[in-house]
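The next block holds one structure in the form of C-alpha cells; read it before the comments.
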Protein chains: 2
Amino acid sequence: MTTDAEDEPPEDELWAIDMVLDQLADKWALRILCAYYPDMAPIRFNELKRRVGGISQKILSQQLRKLERSGLLERRVLPGRLLGVEYAITPLGHTLQEPISALYKWAEAHAGDVRAAQASFQADA
Amino acid sequence: MTTDAEDEPPEDELWAIDMVLDQLADKWALRILCAYYPDMAPIRFNELKRRVGGISQKILSQQLRKLERSGLLERRVLPGRLLGVEYAITPLGHTLQEPISALYKWAEAHAGDVRAAQASFQADA
DNA sequence: CGGTATCCAAAAAGATACTG
DNA sequence: CAGTATCTTTTTGGATACCG
C-alpha cells in the first residue's frame, strides 16, 4: 500500500529545507536580517556593520555574499560621486521578514523569561 | 563535566535580545526545535538524534543542556522499568514554536526560490 | 539507553594590513 | 567607503572509549 496517513514530502525538498536552514543557522545571518527590522530600508555596508555590532568586515562581507547568493539581499553600487554600496532586501528576502520579525518580537517579549530560567536553573541544581 | 563550558555573562536588558538570539543562532538549536514540529510531543534522546540527523551525541547533549538552561526544553527521566529520558517542550518553549514553525514553513515554501537564486547567481556573474 | 571525557581535526571568527 | 588577503586564535564538531 502506497498510501500513508502521514505526509510524504519529496526527499529532494527535504534537503532543500536543510539547505535553507543552513543559510540562517549561524551566528550572524539572523542578526544581519534583524538589522533591517522594522523598516527594511536598504543599508550601506558600514552602517550595517554598526547596526549589527561586533562583527568584523571580513565576516560581514562573507555573510552578505552568502545572503546575496541566496537571493535574500541585493548589492547595489550607489551612483554618482558618492563612493558607496548598499544592500537591499529582495522580494524573496521580504517574504522572510515576517518569520524573522516574529522571531525578533519573541526575543523581545521573552528575553526576561529566558534570563529567569537561566537564573533559576542554577538555583535548582 | 566541562567539556565545552559555555557561559553567558549576565548583561543589560538591552542585550538580552542578543542573548536570546545567541541561543538560537547556531547550526543545531533551530533544527532541534524544528524536530518537534508539528506535533510538539516529548522526544527521547536517541529519537531526537535520529530526527535531527547528522548530529553527534556530544553536540546533541550540549545543545539540549543549553536549551534546558534557557527554559525551552525540560528533561524528564522516564519512570518505571524502561531506562529512558525524554525532552519535552516547556510552556515557554511552546510560545517559541510559532516563530519557529513560521520559519520552517517559509523554508518549505521558498526552498526552490533560494535554489533558483543560487543557480542564477553564477549565470548572472 | 543516555549520556561524559578526551583527544583531535575542521571550521569559523578576529586582528591587522592593504587596496581601488 | 567598501572591501580583500593573510595570519592567528577561538570555537565547533567528530571519533572513539567508557560509565551508570
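Naming convention: chains lettered A, B, ... in sequence-line order (proteins, then strands); numbering from 1 in each chain.
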Are any of B:W28's side-chain N or O atoms less than 4.0 Å away from OP1 or OP2 of D:dG13? yes
Can you tell me how far SG of A:C34 sits from CG of A:L103, rounded to the nearest 0.5 angstrom? 7.0 Å
Which nucleotide in the set D:dC1, D:dA2, C:dG14 lies at the smallest distance from any side-chain heavy atom of A:K58? C:dG14
Name the closest nucleotide to the B:F45 side chain, picking from D:dG13, C:dA15, C:dG2. C:dG2
Mind calculating the distance between CG (A:L78) and C1' (C:dG20) to the nearest angstrom? 17 Å
I need the CD-P distance between A:E86 and D:dA2, as an integer number of Å. 10 Å
Take atom CD of A:E98 as the centre, draw a 6.0 Å sphere, and report whether it contains more than 12 heavy atoms from other residues, nucleotides or ligands. no
Rounded distance (Å) that lies between atom C1' of D:dG13 and atom CD1 of B:I55: 10 Å
Measure the distance from CG on B:L60 to P on C:dT4 and round it to the nearest whole Å. 10 Å
Phosphate-side-chain proximity, A:Y87 and D:dC1, N/O vs OP1/OP2 below 4.0 Å: no
If you look at every strand shown and take non-hydrogen atoms under 4.0 Å, does B:K27 touch a base, only sugar-phosphate, or nothing? sugar-phosphate
Roughly how many Å is it from NZ in B:K49 to C1' in C:dG3, rounded to a whole number? 12 Å
On DNA chain C, nearest-nucleotide positions of A:D26 versus B:L83: which is more 5'? B:L83
Starting at atom CD of A:Q57, determine the distance to atom P of D:dT6, rounded to an integer number of angstrom. 16 Å
May I ask you to verify if any side-chain N or O of A:R65 is less than 4.0 angstrom from the OP1 or OP2 atom of D:dG3? no
A:Q62 CD to D:dT6 P, straight-line distance once rounded to whole Å: 14 Å
Closest to the B:I59 side chain, choosing from D:dA2, C:dG14, D:dG13: D:dG13
What is the distance from atom NE2 of B:H94 to atom CE of B:M40, rounded to the nearest 0.5 Å? 4.0 Å
Do any side-chain nitrogens or oxygens of B:S61 fall under 4.0 Å of OP1 or OP2 in C:dT4? yes
Using whole Å, report how far CZ of A:R31 lies from P of C:dA12. 17 Å
Under 4.0 Å: is that the gap between some side-chain N or O of B:R75 and OP1 or OP2 of C:dG3? yes
Okay, side chain of A:S101, backbone of A:Q97: is any donor-acceptor separation there less than 3.5 Å? yes
Check the phosphate of D:dC1 against A:R44, side-chain N and O only, distance under 4.0 Å to OP1 or OP2. Yes or no? no
Report the C-alpha separation of B:Y87 and B:I32 in whole Å, then their side-chain angles, then the decisive distance to 0.1 Å, and conclude whether the side-chain contact (heavy atoms from CB on, under 4.5 Å) test is met. CA-CA 11 Å; B:Y87 290 85; B:I32 289 170; over 6 Å; no
